[in-house]
Amino acid sequence: MAENVWILGISMTRFGKHKDKDTLDLGSEAAIGAMRDAGVGIGDIGVLAAGNLIGGNGFGQLLQKQIGQTGIPVYNVANACATGATALRVVVMAIKSGEVDTGMAVGVEKLSGAGLLTGNARQAEGGHWVRDGRYGAVAPLDGRVGTETMPGVFAQIGMEYAHKYGGADFELFARISEKNHAHSTLNPMAAHRKRFTLDEIMNDVMIAYPNTRPMCSANVDGAAAAVLVSETKLRTLSLEQQRRAVKISASVLTSDPWTDGCQVLPDINTLTRRAAATAYEQAGIGPADLDLVELHDCFATAELVHYDNLGLCEPGGAADFFNSGATWRDGSTPVNVSGGLQSKGHPVSATGIANVWEVATHLRGEAGDRQIEGARVGLAHVIGLGSACGVHVLERSAA
Amino acid sequence: MERVPLVDYLVLGDEPHLVAAECTDCGARYFDRRSACARCGGLEFGSADVPTEGVLTTFTIVQFAAEGVEVPFVAGVVDCDGTSVKGNVVNTPPDPEHVTLGMRVRLTTVPVGTDADGVEAVGYGFEPID
């Protein structure tokens, strides 16, 4: 039986605009913060997994040159919006394999001011038609055959659910956003902490119906890092370190299996359902045991489908579940009490570790004004379109 | 005037329609150039005509897109009797009063432009049936 893995230290930078800090400043801040929180130094770290999509190649090694070149193996990972969760998962695997007893995962992104992240500007047209790519297209397809923009893709994913099961419309999606923005007012780490009325959300700039601007994740700067240890190692550390440690009861990464139509519109459901099922089995818990959930609300339309995918509600019952008030912070299954990606912000590679930070902070009883009282078990979920899904189930230390 | 299809899987002519690559082992359908079947790993593909009418199973109205892309437009997925097809909803105002989940649509062609040689490129979209 492989070892249990624990979070010994974890840290995130405030999300938002960091004009005077570059990728390495932010990554260093998170990494040094995680080591300080863990009570370890760079000499204790046996493996580093590092994620950064925008900054170029070899981010992990560049980070080492700032925080300590100890010669340990570095795994530079990339899995779209699941990059941070993937980094975490790599360190979990390294510890479970027995190769190391302590490792660190770091994710960073500088995205302030970035616009749409896909849906590239068209190249100049003219000359004569030339067939190109795997569709033999003679002109760019974005806008001519569907949309390649993320707000539009995820809008369709939410509307597909609405078509299948009913009960969801523009107003319901907007009310999900209203919840997350309301939650954000209690989170000092969030980029945007303004509460919006439902009217304000629905009458804001439409990006891709039914997603208006506040219903889209915010492009911001940020970093997060975690130091993980084996259970054997943890038992050699101080009682205070053991008390604050958070158990990783499940760590799962999936890709999307083939389903009908999945190459026409991404199927972000099946891989999330599989990841959740495996995670609950690994952790020996069910969705009803969760005291809080941080899930990948890159758009308001995405949050709805993940209530169902994570088994938080009856199949097909996500709209009723939300309408019951269950996912507000005073509900039965608080979801995105951090404010979610719509208000906290979404620095892509940092997100999968920052979500774990949020859950861990509640389990430690250190979440301040937004603390979910008595939280014992939580789940963190991310999706990287393409797709990759990371699910981590965390439990408070019994010590 | 000479015409070319916007994509390889669009067949022009008197009765424009779409053709899918269909795995001869498992029947999975694709619209791109294939290396193998993503469902079963099969290497042989036949060609299958896709029905030209179907049901709009999801859509979005894109108001904000990359530079050079005309907005607003309606992007959606149409279930053509079991085959999912990506496409724009055209020939109707791009608003949620005129575009609704579950509406019946049919394939139509859409002009893309004419190149320096005078060749016209033709794309496709789906228009409401009623």
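Chain A is the first sequence line, chain B the second, and so forth, proteins listed ahead of strands; every chain is numbered from 1.
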Practice task
Identify which part of A:Gln263 has an atom lying under 4.5 Å from any heavy atom of chain B, answering side chain, backbone, both or neither.
Solution key: side chain
Handout entry: Top contributor to chain B interface from A:Gly152, A:Gly158, A:Gly133, A:Cys262 [non-hydrogen pairs under 4.5 Å]
Key = A:Gly152
Exercise for the section: Evaluate the side-chain contact (heavy atoms from CB on, under 4.5 Å) criterion for residues B:Phe73 and A:Thr147: first the C-alpha distance (whole Å), next the side-chain angles of each, then the deciding distance (0.1 Å), finally the verdict. Expected result: CA-CA 9 Å; B:Phe73 67 93; A:Thr147 179; 4.0 Å; yes
Handout entry: Heavy-atom proximity to chain A below 4.5 Å, by part of B:Glu2
Key = neither
Handout entry: CD (A:Glu314) with more than 12 external heavy atoms under 6.0 Å
Key = no
Handout entry: Shortest non-hydrogen contact from B:Ala66 toward A:Asp142
Key = CB-OD2, 4.4 Å
Exercise for the section: State whether the number of non-hydrogen atoms from other residues, nucleotides or ligands found under 6.0 Å of A:Lys194 atom NZ is greater than 12. Expected result: yes
Exercise for the section: Would you indicate whether B:Arg104, at its atom CZ, is surrounded by more than 12 heavy atoms from other residues, nucleotides or ligands within a distance under 6.0 Å? Expected result: yes
Problem - Greater than 12 external heavy atoms within 6.0 Å of A:Arg274's CZ - result: no
Exercise for the section: Working to the nearest 0.5 Å, report the span between CZ of A:Arg134 and CZ of B:Phe31. Expected result: 15.5 Å
Exercise for the section: To the nearest 0.5 angstrom, please state how far the CG atom of B:Asp8 sits from the CG atom of A:Asp132. Expected result: 10.5 Å
Exercise for the section: State, with a plain yes or no, whether a side-chain heavy atom of A:Arg144 is found less than 4.5 Å away from one of B:Leu6. Expected result: yes
Exercise for the section: Tell me, for B:Val89 versus chain A, whether the close heavy atoms (under 4.5 Å) come from the side chain, the backbone, both or neither. Expected result: neither
Practice task
Please look at B:Leu10 and chain A and tell me whether the side chain, the backbone, both or neither of the residue comes under 4.5 angstrom of a heavy atom of that chain.
Solution key: neither
Practice task
Answer whether the closest heavy-atom distance between the side chains of B:Tyr124 and A:Val145 falls below 4.5 Å.
Solution key: yes
Handout entry: Flag, side chain of B:Thr58 to backbone of A:Glu160, donor-acceptor distance under 3.5 Å
Key = yes
Fill in the blank from the handout: Counting heavy-atom pairs under 4.5 Å with chain A, the top scorer among B:Ala38, B:Pro5, B:Cys40 is B:Ala38
Practice task
Could you tell me how the ring of B:Phe59 sits relative to the ring of A:Tyr209: parallel (under 30°), tilted (30 to 60°) or perpendicular (over 60°)?
Solution key: parallel
Handout entry: Greater than 12 external heavy atoms within 6.0 Å of B:Glu97's CD
Key = yes
Handout entry: Over 12 foreign heavy atoms within 6.0 Å of CD, B:Glu44
Key = no
Exercise for the section: Would you mind reporting whether B:Thr60 and A:Met159 have side-chain heavy atoms less than 4.5 Å apart? Expected result: no
Problem - Atom CG of B:Asp81 with >12 non-hydrogen neighbours under 6.0 angstrom - result: no
Exercise for the section: Compare every heavy atom of B:Leu101 with every heavy atom of A:Ala162, then report the nearest pair and how far apart it is. Expected result: CB-CD1, 4.0 Å
Exercise for the section: Would you check if the side chain of B:Asn88 reaches a backbone N or O of A:Gly146 as a donor-acceptor pair within less than 3.5 Å? Expected result: yes
Exercise for the section: Before giving the answer on side-chain contact (heavy atoms from CB on, under 4.5 Å), spell out for B:Val7 and A:Leu141 the whole-Å C-alpha distance, their side-chain angles and the decisive distance to 0.1 Å. Expected result: CA-CA 9 Å; B:Val7 286; A:Leu141 298 183; 3.7 Å; yes
Problem - Min side-chain heavy-atom separation A:Leu265-B:Lys86 under 4.5 Å - result: no
Practice task
Give the member of B:Pro72, B:Gly82, B:Gly113, B:Gly87 that has the highest number of heavy-atom pairs under 4.5 Å with chain A.
Solution key: B:Gly113
Problem - Beyond-backbone contact of A:Trp129 with B:Val112, side-chain heavy atoms, under 4.5 angstrom - result: yes
Practice task
Measure B:Val4 against the heavy atoms of chain A and call it side chain, backbone, both or neither at under 4.5 Å.
Solution key: side chain
Practice task
Measure from the side-chain N and O atoms of B:Arg39 to the backbone N and O of A:Trp258, and report whether any donor-acceptor pair falls under 3.5 Å.
Solution key: no
Problem - Close side-chain approach of A:Gln156 and B:Val77, heavy atoms under 4.5 Å - result: yes
Practice task
Any chance you could measure B:Thr100, atom OG1, to A:His163, atom NE2, to the nearest 0.5 Å?
Solution key: 10.0 Å
